[in-house]
Amino acid sequence: MENSQVAAVFDQIADILEIQGENPFRIRSYRNAARSVGDLSERIADYVAAGKDPEDLPGIGESLAGKIGEILSTGTCRTLEDLRKKLPPHLPDLLKVKGLGPRKVKALWDKLNITSLAELKSAAAAGRIRDLEGMGEKTEQNILKGLATLEAEAGRTGIRQATEHAASIRRHLEGIKAIRRLEPAGSFRRRRETVGDLDFLVIASDRAKAADGILRYESIEDVLARGEEKVSARLASGVQVDFRFVEDEEFGAAWMYFTGSKAHNIVLRKRAQKDGLKLNEYGLFRGEERIAGRSEEEVFKALGLPWIPPELREDRGEVDAAERGQLPQLIEREDIRGDLHAHTNATDGANTLEEMVAAAQARGYEYLAITDHSKAVTVARGLNEAALRKQADRVRAYGEKLKGFWLLAGVEVDILKDGKLDLQEKVLAELDWVCASVHSAMELPEDRMTQRLVAAIRSGVVHCIGHPFGRLIGKRDAIRFDPEKVFAACKESGVCLEINSYPDRLDLPDVHCKRACEVGLTMVVSTDSHKIADLDLVEYGIGVARRGWLEKKDVLNTLSASALRKRLKRK
DNA sequence: GCCGTTTTCGGCCCGACTGTTTTCAGTCG
């Protein structure tokens, strides 16, 4: 039972209660509980099994703690099953359509007997929705658009695509004279691995002209809203972009508000309230008087807090940490001194050894580990013992010619189904850097997967576990293992965990990163480069590391080449 | 349903935009 499954039960309960028009605060409790469990790095099943009390988790009281126990043992809970009997099974799906909330869904069901997305589509297409009270032709059109979007986008946009869109939008907006300042906000600014939409804050000398300019952006397919305060559009790619107009004196408060997360904002607002203040997107107010708002620093300061980096604003303890003066000094891109996961054309990389080295040097790195695949990865023409030895000789020979740069002879060796490594340990022991990864048999049951990873970690020849969860965002689920046991084995054997920067992976995920750090593990921010341009993906890995509360000292490849050499010395 | 440095009961974050209405409900973030 995964945390996401427990969270899903609570979210489903909340959905049904909403359609039923239940007490909104009760509904919020279920939503909060879903988030609380979903954000937990430890598995809730293990947490409970270890005898810890779910009531210690934020937003979990006696009732929800009982339901967690019930869900863990039965996969569902009585409350959900009883609620389900009161509605058609697919009715809550309608809530996913943008523009449809619980009240409209209820009306569609009551008045038109619509119980599924398919029925909604045919009713809207047939023009039957416009006759309902409170709905008109526009509503009907928006439902059809919402359905189309739902079918097309299938979820959120990856960070890489979002970054590319943001850069392109910035280039367009820089040419508009009426715009004085533009800053990204939302989950994009918090560097989440996927974003729902892109948010920008705009200071304009003339809002009407600025809006005209924005809407001339060539990739806009559909204008969703245009008001005094905001312009909202959908791009041809399906991504929604919101632009909010703000004034100088409210910019900081607005930036905080639109950066979120929502949960973080609520914590700050409650805190303001306690001091007799009011915090909204226009500023921090005492009565009618705005006491802060121009910059984020000013607002945080007026709340008695230091500035909190956006990556931490998830209501995962950052406000408390800020209050105690214990915010981490987050790692920066510039702290990275080398890359420890790179492929060449010896296996499935696109570039030669020499090209990869030149690219690493051009980025100011002091070292690079060549980690081609081992033989089990046949599709990548993985290396056997003899081929690897030959490559290592070549790597070392070339490395000796390089001044002030350490070229590590390494490998990305497969962890086989039984936990053995894909190459003889004596060959692996000759290398400077051994990254071990799972690429096959990803469906193993949890206990066997845990044993498999622990066996590899305890081999004594492995430095790092590559992309530990093996997930591909939006495409393939994570492999299942007990993180606490695996982390404990890493701690015992001095093995690092990789934060793979590849945008599809971003693995170790942020919450596990935070947990691994608490356990005292060292992470490696690597790119898994398959071509020279991939070396720049490290930016995304840094985003994950920062979201995982990591400091420079928690990441191995912030060490200088000489310090790393000492650290990696084979016994 | 949760929670408590005024409270174990009575609160629970806050505002904009749309579409449908003639003053507002629903939705969104």
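Letters A, B, ... are given to chains in the order of the sequence lines, protein chains preceding strands, and every chain is numbered from 1. Keep in mind that the numbers below use all heavy atoms, side chains included, and drop hydrogens, waters and symmetry copies.
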Is the backbone of R505(A) close enough, under 3.5 Å, to the side chain of N500(A) for a donor and an acceptor to pair up by distance?
no
Within this structure, what is the CZ-to-P distance between R103(A) and dT20(B), rounded to whole angstrom?
17 Å
Under 4.0 Å, counting only non-hydrogen atoms across every strand here, what does I27(A) touch: a base, just sugar-phosphate, or nothing?
nothing
So what does Y30(A) touch, heavy atoms closer than 4.0 Å: a base, only the sugar-phosphate, or nothing?
sugar-phosphate
Counting any heavy atom closer than 4.0 Å, what does P102(A) reach on the DNA or RNA strands: base, sugar-phosphate only, or nothing?
sugar-phosphate
Is E281(A) touching bases, backbone alone, or none of the nucleic acid, heavy atoms closer than 4.0 Å?
sugar-phosphate
How about F469(A) and F481(A): are their ring centroids closer than 6.0 Å?
yes
Whole Å only: how far is the CG atom of L100(A) from the P atom of dG29(B)?
13 Å
Answer with base, sugar-phosphate or nothing: what part of the nucleic acid does E137(A) contact at a heavy-atom distance below 4.0 Å?
sugar-phosphate
With a cut-off of less than 4.0 Å, is there a side-chain N or O of K230(A) near OP1 or OP2 of dC28(B)?
no
What's K274(A) touching, base or sugar-phosphate or nothing? Going by heavy atoms closer than 4.0 Å.
nothing
Walking DNA chain B from its 5' end, the first of L64(A) and N142(A) to be reached, judged by nearest nucleotide, is L64(A)
Do Q12(A) and P92(A) make a side-chain contact, defined as non-hydrogen atoms from C-beta onward lying under 4.5 Å apart?
no
Could you check N280(A) against A65(A) and say which one's nearest nucleotide on DNA chain B is further toward the 5' end?
A65(A)
Is the shortest side-chain N/O distance from N265(A) to OP1 or OP2 of dG29(B) below 4.0 Å?
no
Kindly say whether R294(A) contributes a backbone atom to a donor-acceptor pair with the side chain of E298(A) at under 3.5 angstrom?
yes
Pairs under 3.5 Å (N/O, protein and nucleotides 8-12 of chain B):
none

If you check the K278(A) side chain, which of dT20(B), dG29(B), dC14(B) turns out closest?
dC14(B)
Taking OP1 and OP2 of dG29(B), is either one under 4.0 Å from a side-chain nitrogen or oxygen of K98(A)?
yes
By the 4.0 Å heavy-atom rule, please label V267(A) as base, sugar-phosphate, or nothing.
nothing
CG (L330(A)) and CD1 (I542(A)) are apart, to the nearest 0.5 Å, by 10.0 Å
What integer number of Å spans the C1' atoms of dT21(B) and dG26(B)?
13 Å
Over how many whole Å does the gap from Q240(A) atom CD to dC28(B) atom P extend?
10 Å
Kindly say whether T259(A) contributes a backbone atom to a donor-acceptor pair with the side chain of R190(A) at under 3.5 angstrom?
yes
For the pair made of CG in L201(A) and C1' in dG15(B), what is the distance, rounded to whole Å?
15 Å
Touch check for K67(A), heavy atoms < 4.0 angstrom, all strands: base, sugar-phosphate only, or nothing?
sugar-phosphate
Can you check the R271(A) CZ to dT5(B) C1' distance for me, whole Å?
13 Å
To the nearest angstrom, the CD-P distance between E228(A) and dA16(B) comes to 12 Å
If only atom types and distance count, is the side chain of N3(A) paired as donor or acceptor with the main-chain N or O of E42(A) below 3.5 Å?
yes
So L268(A), base contact, sugar-phosphate only, or nothing? Heavy-atom distance under 4.0 Å.
nothing
Please check the phosphate of dT20(B) (OP1 and OP2 only) for any side-chain N or O of T139(A) closer than 4.0 Å.
yes
Heavy-atom nearest pair, C513(A) first then L550(A), reads SG-CD1, 3.6 Å
Output yes when at least one side-chain N/O atom of Y282(A) is less than 4.0 Å from OP1 or OP2 of dA16(B), else no.
yes
In whole angstrom, give the distance that lies between atom CG of D242(A) and atom P of dT18(B).
11 Å
Please report the distance, rounded to the nearest Å, between NZ in K262(A) and P in dC14(B).
13 Å
Could you identify the nucleotide paired to dT8(B), looking across every strand shown and requiring Watson-Crick or G-U wobble geometry with both distances under 3.5 Å?
none
Main chain of P58(A), side chain of S36(A): is a donor-acceptor contact present, judged purely on distance under 3.5 Å?
yes
Expressed as a whole number of Å, how far does the C1' atom of dG15(B) sit from that of dG10(B)?
24 Å
